[in-house]
4 protein chains.
Amino acid sequence: MSGLLSRETEETERLVTFSDGVFAIAITLLVLDISVPTVPAGEPASVLPTLVFEQWHELFGYVFSFLVIGSYWVLHRRVFVYIEKSDKRLVWLNLLFLLFVAFVPYATSLFTAYPDRFGVMFYAGTLAATGFLLAGLWGHAARTRLVQEGLPPRAMAIRAARFFVSPTVFVLSIGIAFIDPFVAIFSWLLVLPFTALFESRLVNYLEGETEESTS
Amino acid sequence: MSGLLSRETEETERLVTFSDGVFAIAITLLVLDISVPTVPAGEPASVLPTLVFEQWHELFGYVFSFLVIGSYWVLHRRVFVYIEKSDKRLVWLNLLFLLFVAFVPYATSLFTAYPDRFGVMFYAGTLAATGFLLAGLWGHAARTRLVQEGLPPRAMAIRAARFFVSPTVFVLSIGIAFIDPFVAIFSWLLVLPFTALFESRLVNYLEGETEESTS
Amino acid sequence: MSGLLSRETEETERLVTFSDGVFAIAITLLVLDISVPTVPAGEPASVLPTLVFEQWHELFGYVFSFLVIGSYWVLHRRVFVYIEKSDKRLVWLNLLFLLFVAFVPYATSLFTAYPDRFGVMFYAGTLAATGFLLAGLWGHAARTRLVQEGLPPRAMAIRAARFFVSPTVFVLSIGIAFIDPFVAIFSWLLVLPFTALFESRLVNYLEGETEESTS
Amino acid sequence: MSGLLSRETEETERLVTFSDGVFAIAITLLVLDISVPTVPAGEPASVLPTLVFEQWHELFGYVFSFLVIGSYWVLHRRVFVYIEKSDKRLVWLNLLFLLFVAFVPYATSLFTAYPDRFGVMFYAGTLAATGFLLAGLWGHAARTRLVQEGLPPRAMAIRAARFFVSPTVFVLSIGIAFIDPFVAIFSWLLVLPFTALFESRLVNYLEGETEESTS
């Protein structure tokens with residue numbers, strides 16, 4: 001391969017800076033979805049607290065989406081700790097992943113405005129697609145050895161498994177939403193503890209084996 | 001602990017870049033809260049200055065929130081000068097802290113639209129929570145020795161104290177707002193000089209002792 | 001030239017960081033163009049999916065503009081892999097380029113609101129101008145030797161040619177839009193495969209020659 | 001001074017990253033000021049070009065403010081090439097400067113909505129204040145020797161002079177706006193060539209002397 005062209009794709013630094021920018025903006029734009037309530041003419045200002053509390057689904061949407069984008073950022077950061085080179089496909093997979101990250105504020109707006117079956121499914125679908133793209137990005141990097149050398153295949157497979165946990169929960173919740181949208185929303189709250197459990201159990205167990213194989 | 005997993009959480013660089021992004025966006029989004037006034041049909045354009053000056057609470061909200069987010073950024077920068085490693089809890093405490101930073105533009109909108117008891121308390125509560133989370137983040141880093149080595153416990157305690165100054169003022173102002181919202185707003189103006197006084201007095205005094213104990 | 005003044009313009013690091021910021025914001029602001037549909041009073045919530053699918057042109061505008069800005073980011077990144085110094089003109093050409101990048105969300109809004117002849121031409125014109133400015137930036141850098149040393153003129157000319165591919169397609173589509181706006185929109189979809197084809201054919205062929213001349 | 005505290009303020013890296021973030025966001029938010037025109041019901045779509053061209057003052061506001069914020073970014077970059085340490089005052093002067101940079105989109109909105117005497121003066125006043133704050137920041141850095149060592153006082157004075165050129169033009173235009181707002185707008189167009197002229201004449205001349213004194 002040409003040494004002149006290879007430099008163009010190899011460095012990952014700007015990839016990470018640019019991604020951090022998109023993450024930071026998407027996560028901060030979420031706040032624009034919370035509308036300041038209007039006290040109707042003729043009513044006393046003391047109804048304001050009630051109006052704000054009636055916005056609980058907008059506030060929930062803000063907090064939940066912030067934590068979800070935040071957790072995808074945490075995963076993205078973990079992925080790029082190991083990735084040392086980039087190629088064209090990685091750059092474009094990353095852009096597609098960011099396309100869905102930047103789409104989360106819209107999905108959140110739609111879901112908080114219409115928290116029924118369609119809104120729930122649309123939101124869960126967006127988050128599932130975001131997660132699968134990150135898993136795909138890691139899969140591509142692991143397969144084409146863009147990751148740091150010496151990382152055992154087993155360790156890479158563990159990470160891949162981890163990236164599937166949260167999108168899988170979101171996909172399952174789409175099915176649940178057919179029966180009851182509210183139960184589906186509730187199932188999302190399981191994502192974070194479930195991911196944590198998965199990590200501390202399975203990962204630690206497999207890491208043990210990996211340790212042996214590297215030593 | 002596994003050497004393979006440890007790298008995932010240790011580096012603090014992206015944590016800082018991402019946080020700077022959220023700070024920069026939240027602080028700049030504040031300007032969207034200031035609405036361009038509409039000169040009513042039939043009135044001369046010369047009423048515009050009056051209309052702009054009638055927006056003084058929006059302009060005050062912009063300037064004050066800008067300086068408050070700015071001062072939290074200054075404190076965050078000071079915290080991360082000492083933090084050299086990160087762990088999972090630090091990453092999530094930082095995300096929670098940023099969740100409140102990014103929420104400040106909404107709290108500002110609500111406060112400038114309704115600068116009465118509830119608006120004042122909501123705004124002060126948001127800023128207090130933001131401040132306490134930063135203090136908690138520092139506490140965690142100091143307790144688990146994520147900070148640079150050789151930093152004496154005393155010096156770390158001083159910093160912790162400093163991070164409590166501004167959220168404490170905001171908490172006190174919530175109480176004051178029960179009696180008089182306007183006095184509460186006025187009390188916020190004490191945050192910056194009070195923090196400065198606290199620093200130059202107490203900190204310098206204790207630093208003197210710290211100096212001796214390090215030398 | 002004065003050593004004191006030369007430092008002011010030479011470094012390219014902040015140029016790249018700032019550009020990445022503008023790219024990240026422009027690409028994420030695109031999502032604000034997709035409006036959450038309002039279910040008309042009196043209609044059941046089940047019309048929501050239909051309303052969202054009727055927004056297909058807004059969703060198309062989001063995805064397409066995201067990929068176009070993304071591909072300009074990829075090209076910008078490739079350009080700055082080779083540029084090692086900057087001068088005043090480079091800084092201002094880069095600012096002009098970013099002026100058009102940041103204008104893309106407006107052009108997208110106009111195009112998705114009015115996807116007829118004028119909207120299509122306005123959008124294509126914006127993207128063409130963006131592309132030509134990047135080509136001009138590279139031309140300036142190549143001509144004044146701001147690029148890394150040892151890069152053969154041939155290799156630089158190849159890159160220049162590559163930067164003309166996508167703006168040329170957009171210019172041609174302006175002509176097509178006179179006859180049929182829909183065909184013009186369709187022609188844009190050729191940009192990505194066409195660029196890819198151009199690269200893998202012409203570039204690889206010429207790279208072969210370049211390789212010989214450098215070895 | 002305490003070595004423990006000194007590290008907190010000395011590094012300038014995050015100061016620059018954060019500033020670049022605010023610059024990038026403020027400059028990109030300008031595009032939100034350009035509204036997509038609405039074709040009135042009953043009129044043909046062919047009136048759209050006319051409606052867009054009737055927005056010329058919004059488009060002018062976008063382009064002009066983009067270039068002004070851009071030129072302040074260029075100046076800020078030049079300032080921080082020489083600044084190697086920071087202190088508390090520098091951090092806060094920089095925050096105040098950014099407060100005005102982030103305010104430019106509002107001033108632009110007001111000016112493009114009401115391009116008469118008050119709008120012109122408000123806009124020119126904002127840009128003048130922004131410029132003077134940057135000059136003040138440089139003055140503080142030069143006076144307290146936060147700049148790199150070996151920079152002759154003369155060279156620092158030249159830079160100071162340069163930072164006064166554009167805010168001075170804006171202040172003069174406030175006076176002109178009293179007589180004729182349109183002439184004031186026109187006078188702004190002199191900022192860029194005037195700055196360029198000032199640089200190439202005075203600066204080069206004085207640099208000549210500086211060269212001698214350093215050699």
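In what follows, chains are A, B, ... by sequence order, proteins preceding strands, each numbered from 1. Side chains are part of it too, since the values below use all heavy atoms of this structure and drop only hydrogens, waters and symmetry mates.
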Checklist entry - Taking it one step at a time, do V16(B) and T17(D) satisfy side-chain contact (heavy atoms from CB on, under 4.5 Å)? => result CA-CA 10 Å; V16(B) 165; T17(D) 317; over 6 Å; no

Next on the checklist: Report which part of S46(B) has an atom under 4.5 Å of a heavy atom belonging to chain D: side chain, backbone, both, or neither.
Outcome noted: neither

Item to check | Counterpart residues, ring pair (Phe, Tyr, Trp, His ring centres under 6.0 Å), relative to F164(D) (two or more places apart) | outcome: F132(D)

Item to check | Heavy-atom contact with chain B under 4.5 Å, split by part of A26(D) | outcome: both

Checklist entry - Considering all heavy atoms of both residues, which atom of A102(D) and which atom of T28(B) are nearest to each other, and what is their separation? => result CB-CG2, 3.9 Å

Next on the checklist: side-chain contact (heavy atoms from CB on, under 4.5 Å) for I27(B) and F18(D)? Distances and angles first, verdict last.
Outcome noted: CA-CA 10 Å; I27(B) 217 170; F18(D) 176 68; 4.1 Å; yes

Checklist outcome for this item: Most heavy-atom pairs under 4.5 Å with chain D, out of L29(B), V79(B), V31(B), L30(B), belong to V31(B)

Next on the checklist: For V39(B), which atoms come within 4.5 Å of any heavy atom of chain D: side chain, backbone, both, or neither?
Outcome noted: both

Checklist entry - Could you state the interatomic distance from CG (L51(B)) to OH (Y114(D)), rounded to the nearest 0.5 Å? => result 7.5 Å

Item to check | Rounded distance [0.5 Å steps], CZ in R77(B) versus CD in E13(D) | outcome: 10.5 Å

Item to check | Interchain contact, L59(B) with chain D, by part (heavy-atom threshold 4.5 Å) | outcome: side chain

Next on the checklist: Quick one, W73(B) with L15(D), criterion side-chain contact (heavy atoms from CB on, under 4.5 Å). Give me CA distance, side-chain angles, the key distance, then yes/no.
Outcome noted: CA-CA 10 Å; W73(B) 175 77; L15(D) 209 66; 3.5 Å; yes

Do any side-chain atoms of residues 62-70 of chain D form donor-acceptor pairs under 3.5 angstrom with protein atoms, and if so which ones, sequence neighbours left out?
from: Y62(D); atom 1: OH; to: L99(C); atom 2: O; distance (Å): 2.7
from: Y62(D); atom 1: OH; to: F103(C); atom 2: N; distance (Å): 3.4
from: S65(D); atom 1: OG; to: G61(D); atom 2: O; distance (Å): 3.1
from: S65(D); atom 1: OG; to: T108(D); atom 2: OG1; distance (Å): 2.7
from: S65(D); atom 1: OG; to: Y123(D); atom 2: OH; distance (Å): 2.6

